[in-house]
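Please read the structure below before turning to the comments.
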Amino acid sequence: MSFLGKILYVTVLILNAIVVLSEDRFLARVNLTPATHNRSFGGPGGVDSSVKYNAIQLIASIRTLMRIPLIVINTLIIVYELVLG
Amino acid sequence: MQRPTYGQSPPLHHPVPQHVSTVPQLRSPPPLTSQPQGHGYDGSPYPQQQQQAPPGGNMFAQYGNFMNDPTAQIATQFGQTAFRQGQDYLEKNVNRLVNVSALKHYFNVTNSYVINKLFLVLFPWRHKPWTRRQASEVGAGGGQEAWFYLPPRDDINSPDMYIPVMSIVTYVFLRTLFAGFRGEFEPQLFGSVATIAIVMMILEILALRIGCYLLNISNQSQLLDLMAYSGYKFVGVIVTIAVSEIFNRGKGTGGWVGWTLFVYTCLANSLFLMRSLKYVLLPENNNTNQGPMQTMHPLDSRAKRSQRTQFLFAYSYPVQALLMWILCRP
(Lines give C-alpha, C1' and ligand atoms only; values in the text may rest on other atoms or scores of the structure.)
Protein backbone atom coordinates (compact mmCIF):
# COMPACT_ATOMS: atom_id res chain seq x y z
CA MET A 1 0.00 0.00 0.00
CA SER A 2 1.27 3.42 -0.80
CA PHE A 3 2.18 6.08 1.70
CA LEU A 4 -0.91 8.12 1.00
CA GLY A 5 -3.10 5.05 1.40
CA LYS A 6 -1.64 4.49 4.84
CA ILE A 7 -2.33 8.11 5.76
CA LEU A 8 -5.91 7.74 4.57
CA TYR A 9 -6.39 4.58 6.61
CA VAL A 10 -4.96 6.22 9.72
CA THR A 11 -7.30 9.19 9.32
CA VAL A 12 -10.35 7.00 8.81
CA LEU A 13 -9.46 4.79 11.76
CA ILE A 14 -8.96 7.76 14.08
CA LEU A 15 -12.30 9.23 13.02
CA ASN A 16 -13.94 5.85 13.58
CA ALA A 17 -12.41 5.66 17.02
CA ILE A 18 -13.91 9.02 17.94
CA VAL A 19 -17.32 8.29 16.47
CA VAL A 20 -17.61 4.86 18.03
CA LEU A 21 -17.42 6.24 21.58
CA SER A 22 -20.74 5.68 23.27
CA GLU A 23 -22.29 8.84 24.55
CA ASP A 24 -24.21 7.59 27.57
CA ARG A 25 -22.08 4.58 28.47
CA PHE A 26 -18.63 6.07 28.24
CA LEU A 27 -18.50 9.79 27.57
CA ALA A 28 -21.02 10.78 30.21
CA ARG A 29 -19.21 8.72 32.80
CA VAL A 30 -15.93 10.55 32.28
CA ASN A 31 -17.66 13.93 31.96
CA LEU A 32 -16.86 14.39 28.30
CA THR A 33 -20.25 15.30 26.88
CA PRO A 34 -21.35 18.92 26.65
CA ALA A 35 -24.37 18.26 28.89
CA THR A 36 -22.47 16.74 31.79
CA HIS A 37 -19.67 19.25 31.50
CA ASN A 38 -22.04 22.16 31.85
CA ARG A 39 -23.82 20.53 34.76
CA SER A 40 -20.66 19.75 36.63
CA PHE A 41 -19.25 23.22 36.32
CA GLY A 42 -22.55 24.96 36.74
CA GLY A 43 -21.86 27.98 34.61
CA PRO A 44 -25.26 29.16 33.38
CA GLY A 45 -24.66 30.44 29.92
CA GLY A 46 -21.13 31.58 30.61
CA VAL A 47 -18.65 31.51 27.75
CA ASP A 48 -16.33 28.72 28.71
CA SER A 49 -13.13 28.43 26.77
CA SER A 50 -10.96 25.99 28.67
CA VAL A 51 -9.02 23.28 26.89
CA LYS A 52 -11.31 20.57 28.20
CA TYR A 53 -14.42 22.35 27.03
CA ASN A 54 -12.96 22.84 23.58
CA ALA A 55 -11.98 19.18 23.41
CA ILE A 56 -15.51 18.20 24.39
CA GLN A 57 -16.93 20.42 21.70
CA LEU A 58 -14.52 18.92 19.17
CA ILE A 59 -15.51 15.36 20.04
CA ALA A 60 -19.21 16.19 19.97
CA SER A 61 -19.00 17.93 16.61
CA ILE A 62 -16.96 15.14 15.04
CA ARG A 63 -19.50 12.64 16.33
CA THR A 64 -22.44 14.49 14.88
CA LEU A 65 -20.79 15.58 11.67
CA MET A 66 -18.88 12.51 10.59
CA ARG A 67 -21.33 9.77 11.49
CA ILE A 68 -23.13 9.45 8.16
CA PRO A 69 -20.12 10.07 5.89
CA LEU A 70 -18.08 7.53 7.81
CA ILE A 71 -20.64 4.83 7.09
CA VAL A 72 -20.15 5.43 3.38
CA ILE A 73 -16.38 5.65 3.61
CA ASN A 74 -16.12 2.51 5.72
CA THR A 75 -18.32 0.59 3.30
CA LEU A 76 -16.18 1.69 0.37
CA ILE A 77 -12.97 0.70 2.10
CA ILE A 78 -14.38 -2.68 3.15
CA VAL A 79 -15.51 -3.41 -0.40
CA TYR A 80 -12.11 -2.33 -1.72
CA GLU A 81 -10.31 -4.56 0.75
CA LEU A 82 -12.54 -7.52 -0.07
CA VAL A 83 -12.12 -7.17 -3.80
CA LEU A 84 -8.57 -5.95 -4.25
CA GLY A 85 -6.87 -6.10 -0.87
CA MET B 1 -3.54 36.69 -50.70
CA GLN B 2 -1.21 35.16 -48.15
CA ARG B 3 -1.68 31.65 -49.37
CA PRO B 4 -0.89 31.60 -53.05
CA THR B 5 -0.75 27.80 -53.14
CA TYR B 6 -4.47 27.68 -53.07
CA GLY B 7 -4.62 29.63 -56.25
CA GLN B 8 -3.73 26.59 -58.29
CA SER B 9 -6.40 24.40 -56.81
CA PRO B 10 -9.25 23.55 -59.09
CA PRO B 11 -12.47 25.45 -58.39
CA LEU B 12 -14.55 23.68 -55.85
CA HIS B 13 -17.99 22.58 -56.74
CA HIS B 14 -20.12 23.08 -53.74
CA PRO B 15 -23.41 21.30 -53.72
CA VAL B 16 -26.47 23.38 -54.03
CA PRO B 17 -28.49 23.22 -50.83
CA GLN B 18 -31.64 21.28 -51.28
CA HIS B 19 -33.39 22.28 -48.11
CA VAL B 20 -33.26 25.18 -45.70
CA SER B 21 -30.79 24.42 -42.98
CA THR B 22 -31.73 24.92 -39.36
CA VAL B 23 -28.22 24.56 -38.03
CA PRO B 24 -26.96 27.90 -36.64
CA GLN B 25 -24.09 29.58 -38.40
CA LEU B 26 -21.58 29.51 -35.50
CA ARG B 27 -18.99 27.26 -36.98
CA SER B 28 -15.35 27.20 -37.94
CA PRO B 29 -14.30 27.91 -41.51
CA PRO B 30 -14.29 24.95 -43.87
CA PRO B 31 -11.18 22.77 -43.88
CA LEU B 32 -8.26 23.92 -45.99
CA THR B 33 -8.12 20.97 -48.31
CA SER B 34 -7.26 21.34 -51.93
CA GLN B 35 -9.27 18.35 -53.05
CA PRO B 36 -12.64 18.86 -54.57
CA GLN B 37 -15.06 17.96 -51.88
CA GLY B 38 -18.22 17.89 -53.85
CA HIS B 39 -19.13 14.27 -53.50
CA GLY B 40 -20.99 13.00 -50.50
CA TYR B 41 -21.95 16.46 -49.32
CA ASP B 42 -25.56 16.54 -50.24
CA GLY B 43 -27.65 18.50 -47.82
CA SER B 44 -24.65 20.33 -46.33
CA PRO B 45 -25.45 23.10 -43.87
CA TYR B 46 -23.29 25.63 -45.67
CA PRO B 47 -25.64 27.63 -47.82
CA GLN B 48 -24.51 31.19 -47.03
CA GLN B 49 -20.82 30.63 -47.45
CA GLN B 50 -21.31 29.61 -50.98
CA GLN B 51 -23.47 32.55 -51.86
CA GLN B 52 -20.86 35.00 -50.67
CA ALA B 53 -18.11 33.47 -52.72
CA PRO B 54 -17.39 35.66 -55.74
CA PRO B 55 -18.83 34.11 -58.81
CA GLY B 56 -16.22 32.45 -60.90
CA GLY B 57 -13.42 33.48 -58.53
CA ASN B 58 -10.99 31.16 -56.85
CA MET B 59 -11.26 29.89 -53.32
CA PHE B 60 -8.84 32.11 -51.46
CA ALA B 61 -10.65 35.28 -52.20
CA GLN B 62 -13.18 33.83 -49.87
CA TYR B 63 -10.49 33.18 -47.27
CA GLY B 64 -9.11 36.67 -47.75
CA ASN B 65 -12.24 38.37 -46.52
CA PHE B 66 -12.92 35.66 -44.05
CA MET B 67 -12.85 38.12 -41.15
CA ASN B 68 -15.44 40.31 -42.85
CA ASP B 69 -17.86 37.46 -43.00
CA PRO B 70 -20.68 38.31 -40.56
CA THR B 71 -21.03 34.74 -39.45
CA ALA B 72 -17.33 34.52 -38.72
CA GLN B 73 -17.52 37.76 -36.74
CA ILE B 74 -20.35 36.36 -34.69
CA ALA B 75 -18.33 33.23 -34.18
CA THR B 76 -15.27 35.12 -32.98
CA GLN B 77 -17.39 37.25 -30.68
CA PHE B 78 -19.03 34.17 -29.32
CA GLY B 79 -15.66 32.53 -28.77
CA GLN B 80 -14.26 35.58 -27.02
CA THR B 81 -17.26 35.85 -24.74
CA ALA B 82 -17.07 32.19 -23.86
CA PHE B 83 -13.37 32.44 -23.18
CA ARG B 84 -13.80 35.50 -20.99
CA GLN B 85 -16.61 33.90 -19.08
CA GLY B 86 -14.56 30.78 -18.53
CA GLN B 87 -11.67 32.86 -17.29
CA ASP B 88 -13.93 34.76 -14.91
CA TYR B 89 -15.37 31.52 -13.63
CA LEU B 90 -11.94 30.05 -13.07
CA GLU B 91 -10.71 33.16 -11.31
CA LYS B 92 -13.75 33.28 -9.08
CA ASN B 93 -13.36 29.67 -8.06
CA VAL B 94 -9.64 29.92 -7.49
CA ASN B 95 -10.24 33.01 -5.39
CA ARG B 96 -12.79 31.15 -3.36
CA LEU B 97 -10.35 28.36 -2.62
CA VAL B 98 -7.23 30.41 -1.93
CA ASN B 99 -7.05 34.05 -1.19
CA VAL B 100 -4.76 35.17 -3.98
CA SER B 101 -4.24 38.71 -2.77
CA ALA B 102 -3.29 37.40 0.66
CA LEU B 103 -0.86 34.99 -0.94
CA LYS B 104 0.74 37.76 -2.96
CA HIS B 105 1.67 39.45 0.29
CA TYR B 106 3.82 36.44 1.16
CA PHE B 107 5.75 36.47 -2.08
CA ASN B 108 6.59 40.14 -1.93
CA VAL B 109 10.30 39.61 -1.29
CA THR B 110 13.60 41.12 -2.32
CA ASN B 111 17.02 39.56 -2.78
CA SER B 112 18.41 41.14 0.36
CA TYR B 113 15.40 39.95 2.34
CA VAL B 114 15.92 36.35 1.19
CA ILE B 115 19.62 36.38 2.06
CA ASN B 116 19.03 37.99 5.43
CA LYS B 117 16.21 35.61 6.22
CA LEU B 118 18.27 32.55 5.32
CA PHE B 119 21.05 33.82 7.54
CA LEU B 120 18.51 34.46 10.29
CA VAL B 121 17.08 30.94 10.08
CA LEU B 122 20.55 29.43 10.32
CA PHE B 123 21.96 31.84 12.90
CA PRO B 124 19.16 33.28 15.05
CA TRP B 125 21.17 33.74 18.23
CA ARG B 126 22.11 37.41 17.92
CA HIS B 127 18.95 38.79 16.33
CA LYS B 128 17.30 41.28 18.61
CA PRO B 129 13.88 42.67 17.71
CA TRP B 130 11.62 39.79 16.79
CA THR B 131 8.35 41.65 16.57
CA ARG B 132 6.80 42.26 13.22
CA ARG B 133 6.59 45.82 12.11
CA GLN B 134 3.15 47.22 11.68
CA ALA B 135 1.95 50.11 9.68
CA SER B 136 -1.27 51.93 10.25
CA GLU B 137 -3.65 53.22 7.71
CA VAL B 138 -6.45 55.59 8.44
CA GLY B 139 -9.64 54.11 7.11
CA ALA B 140 -12.00 55.86 4.79
CA GLY B 141 -14.47 56.55 7.58
CA GLY B 142 -11.94 58.70 9.36
CA GLY B 143 -10.58 58.07 12.82
CA GLN B 144 -10.72 54.33 12.36
CA GLU B 145 -7.13 53.17 12.15
CA ALA B 146 -6.50 49.84 10.49
CA TRP B 147 -3.30 48.00 11.42
CA PHE B 148 -1.62 45.71 9.00
CA TYR B 149 1.71 43.98 8.90
CA LEU B 150 4.34 45.13 6.50
CA PRO B 151 5.20 42.72 3.65
CA PRO B 152 8.48 40.78 3.75
CA ARG B 153 10.05 43.32 1.45
CA ASP B 154 10.12 45.86 4.26
CA ASP B 155 10.36 43.69 7.33
CA ILE B 156 12.75 40.83 7.98
CA ASN B 157 10.59 39.36 10.72
CA SER B 158 7.63 38.92 8.44
CA PRO B 159 6.93 35.38 7.24
CA ASP B 160 7.22 34.76 3.54
CA MET B 161 6.41 31.78 1.38
CA TYR B 162 9.17 32.19 -1.15
CA ILE B 163 11.82 30.52 0.98
CA PRO B 164 9.60 27.59 2.05
CA VAL B 165 8.45 26.81 -1.47
CA MET B 166 11.94 27.06 -2.91
CA SER B 167 13.45 25.01 -0.12
CA ILE B 168 10.89 22.22 -0.51
CA VAL B 169 11.68 22.01 -4.20
CA THR B 170 15.40 22.09 -3.47
CA TYR B 171 14.97 19.39 -0.84
CA VAL B 172 13.22 17.06 -3.28
CA PHE B 173 15.88 17.59 -5.93
CA LEU B 174 18.72 17.16 -3.45
CA ARG B 175 17.38 13.89 -2.16
CA THR B 176 16.98 12.47 -5.64
CA LEU B 177 20.41 13.81 -6.61
CA PHE B 178 22.06 12.03 -3.70
CA ALA B 179 20.17 8.87 -4.52
CA GLY B 180 21.55 9.22 -8.03
CA PHE B 181 25.09 9.52 -6.65
CA ARG B 182 24.57 6.22 -4.88
CA GLY B 183 23.15 4.69 -8.02
CA GLU B 184 19.67 4.26 -6.60
CA PHE B 185 17.87 6.76 -8.74
CA GLU B 186 14.33 5.97 -9.81
CA PRO B 187 11.85 8.42 -11.30
CA GLN B 188 9.37 7.53 -8.57
CA LEU B 189 11.75 9.01 -6.04
CA PHE B 190 10.61 12.53 -6.94
CA GLY B 191 7.04 11.66 -6.12
CA SER B 192 7.73 9.77 -2.94
CA VAL B 193 10.09 12.38 -1.48
CA ALA B 194 7.71 15.21 -2.35
CA THR B 195 4.80 13.26 -0.87
CA ILE B 196 6.62 12.67 2.38
CA ALA B 197 7.64 16.33 2.65
CA ILE B 198 4.19 17.69 1.89
CA VAL B 199 2.33 15.22 4.06
CA MET B 200 4.70 16.09 6.87
CA MET B 201 3.83 19.76 6.49
CA ILE B 202 0.11 19.06 6.31
CA LEU B 203 0.15 16.93 9.44
CA GLU B 204 2.16 19.56 11.25
CA ILE B 205 -0.26 22.31 10.31
CA LEU B 206 -3.19 20.11 11.26
CA ALA B 207 -1.70 19.48 14.68
CA LEU B 208 -1.08 23.19 15.08
CA ARG B 209 -4.64 24.02 14.11
CA ILE B 210 -6.03 21.54 16.61
CA GLY B 211 -3.76 23.00 19.26
CA CYS B 212 -4.89 26.51 18.40
CA TYR B 213 -8.50 25.39 18.57
CA LEU B 214 -8.06 23.72 21.91
CA LEU B 215 -6.22 26.69 23.35
CA ASN B 216 -8.68 29.17 21.85
CA ILE B 217 -6.07 31.08 19.91
CA SER B 218 -7.49 33.04 17.06
CA ASN B 219 -5.57 35.34 14.84
CA GLN B 220 -6.01 36.89 11.46
CA SER B 221 -4.41 35.12 8.50
CA GLN B 222 -3.06 32.54 10.87
CA LEU B 223 -3.17 29.55 8.58
CA LEU B 224 -0.96 31.12 5.94
CA ASP B 225 1.49 32.28 8.59
CA LEU B 226 1.70 28.80 10.03
CA MET B 227 2.18 27.32 6.57
CA ALA B 228 5.01 29.73 5.94
CA TYR B 229 6.70 29.04 9.26
CA SER B 230 6.42 25.28 8.93
CA GLY B 231 8.42 25.46 5.70
CA TYR B 232 11.50 27.11 7.17
CA LYS B 233 12.79 23.87 8.65
CA PHE B 234 13.63 22.68 5.15
CA VAL B 235 16.46 25.21 5.07
CA GLY B 236 18.14 23.52 8.01
CA VAL B 237 17.42 20.09 6.57
CA ILE B 238 18.98 21.05 3.24
CA VAL B 239 22.12 22.39 4.90
CA THR B 240 22.40 19.26 7.03
CA ILE B 241 22.02 16.73 4.27
CA ALA B 242 24.14 18.65 1.77
CA VAL B 243 27.12 19.33 4.02
CA SER B 244 27.09 15.91 5.66
CA GLU B 245 26.86 14.30 2.24
CA ILE B 246 30.02 16.12 1.25
CA PHE B 247 31.89 15.29 4.44
CA ASN B 248 30.74 11.69 4.66
CA ARG B 249 31.71 11.04 1.06
CA GLY B 250 28.29 10.01 -0.10
CA LYS B 251 27.26 7.80 2.78
CA GLY B 252 24.31 9.88 3.86
CA THR B 253 23.76 11.74 7.08
CA GLY B 254 25.44 10.28 10.09
CA GLY B 255 28.81 10.34 11.74
CA TRP B 256 29.79 13.18 13.99
CA VAL B 257 29.60 15.82 11.25
CA GLY B 258 26.04 14.91 10.36
CA TRP B 259 24.83 14.74 13.91
CA THR B 260 26.52 17.99 14.94
CA LEU B 261 25.01 19.78 11.98
CA PHE B 262 21.63 18.26 12.66
CA VAL B 263 21.65 19.33 16.30
CA TYR B 264 22.83 22.81 15.40
CA THR B 265 20.28 23.43 12.65
CA CYS B 266 17.56 21.92 14.77
CA LEU B 267 18.31 24.22 17.69
CA ALA B 268 18.60 27.23 15.40
CA ASN B 269 15.32 26.46 13.68
CA SER B 270 13.58 25.87 16.99
CA LEU B 271 14.75 29.15 18.43
CA PHE B 272 13.74 30.95 15.25
CA LEU B 273 10.29 29.38 15.31
CA MET B 274 9.80 30.03 18.99
CA ARG B 275 10.66 33.69 18.67
CA SER B 276 8.68 34.15 15.46
CA LEU B 277 5.57 32.26 16.45
CA LYS B 278 5.31 34.14 19.69
CA TYR B 279 3.11 36.79 18.16
CA VAL B 280 0.84 34.16 16.57
CA LEU B 281 0.38 31.83 19.50
CA LEU B 282 0.78 34.26 22.37
CA PRO B 283 -1.20 37.31 21.35
CA GLU B 284 -0.86 39.91 24.05
CA ASN B 285 -3.00 42.82 23.04
CA ASN B 286 -5.87 40.63 21.88
CA ASN B 287 -6.95 39.94 25.42
CA THR B 288 -9.20 42.94 25.61
CA ASN B 289 -11.45 42.04 22.72
CA GLN B 290 -11.67 38.32 23.28
CA GLY B 291 -14.58 38.41 25.65
CA PRO B 292 -15.18 39.37 29.22
CA MET B 293 -13.83 36.17 30.75
CA GLN B 294 -10.17 36.94 30.36
CA THR B 295 -10.28 40.43 31.68
CA MET B 296 -12.34 39.36 34.65
CA HIS B 297 -10.10 36.53 35.74
CA PRO B 298 -6.43 37.35 35.53
CA LEU B 299 -5.60 34.04 37.20
CA ASP B 300 -7.42 32.14 34.51
CA SER B 301 -5.66 34.20 31.89
CA ARG B 302 -2.31 33.46 33.46
CA ALA B 303 -2.99 29.72 33.49
CA LYS B 304 -4.04 29.92 29.87
CA ARG B 305 -0.92 31.82 29.02
CA SER B 306 1.30 29.22 30.59
CA GLN B 307 -0.57 26.52 28.69
CA ARG B 308 0.04 28.38 25.48
CA THR B 309 3.70 28.81 26.29
CA GLN B 310 4.05 25.10 26.90
CA PHE B 311 2.31 24.40 23.62
CA LEU B 312 4.63 26.76 21.80
CA PHE B 313 7.68 25.14 23.38
CA ALA B 314 6.44 21.62 22.59
CA TYR B 315 5.80 22.60 19.00
CA SER B 316 9.09 24.42 18.55
CA TYR B 317 11.50 21.95 20.11
CA PRO B 318 10.43 18.26 20.22
CA VAL B 319 8.02 18.25 17.31
CA GLN B 320 10.37 20.16 15.04
CA ALA B 321 13.29 17.92 16.05
CA LEU B 322 11.26 14.83 15.24
CA LEU B 323 10.12 16.17 11.88
CA MET B 324 13.61 17.29 10.91
CA TRP B 325 14.99 13.89 11.88
CA ILE B 326 12.43 12.18 9.69
CA LEU B 327 13.30 14.48 6.80
CA CYS B 328 17.04 14.02 7.27
CA ARG B 329 16.91 10.23 7.27
CA PRO B 330 18.41 8.68 4.19
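Each chain gets a letter, A, B and so on, in the order the sequences are listed, and its residues count up from 1.
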- For B:Tyr162, does the OH atom have more than 12 heavy-atom neighbours from other residues, nucleotides or ligands under 6.0 Å away?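 No, the 6.0 Å shell around OH holds no more than 12 heavy atoms from other groups.
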- Message: Does B:Phe173 have more than 12 heavy atoms from other residues, nucleotides or ligands lying within 6.0 Å of its CZ?
- Response: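 Counting neighbours around CZ of B:Phe173, 12 or fewer heavy atoms of other residues, nucleotides or ligands fall under 6.0 Å, so no.
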- Task: Any pair with a residue in residues 196-215 of chain B that passes salt bridge (charged side-chain N to carboxylate O under 4.0 Å, His left out), sequence neighbours left out, goes on the list, sorted by first then second residue, please.
- Result: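 Salt bridge (charged side-chain N to carboxylate O under 4.0 Å, His left out) check on residues 196-215 of chain B returns B:Glu204-B:Lys233.
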- Item | Residue pairs involving residues 54-68 of chain A (criterion salt bridge (charged side-chain N to carboxylate O under 4.0 Å, His left out); sequence neighbours excluded) |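 Every pair satisfying salt bridge (charged side-chain N to carboxylate O under 4.0 Å, His left out) with a residue in residues 54-68 of chain A: A:Glu23-A:Arg63.
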- Task: Measure the spacing between CG of A:Asn54 and SG of B:Cys212 and express it to the nearest 0.5 Å.
- Result: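 Those atoms lie 11.5 Å apart.
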- Query: How long is the gap from OG1 on A:Thr11 to CG on B:Leu203, to the nearest 0.5 Å?
  - Reply: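 If I round to the nearest 0.5 Å, the distance is 7.5 Å.
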- Heavy-atom distances under 4.5 Å only: say whether A:Leu58 touches chain B with side chain, backbone, both or neither.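 A:Leu58 touches chain B through backbone and side-chain heavy atoms alike.
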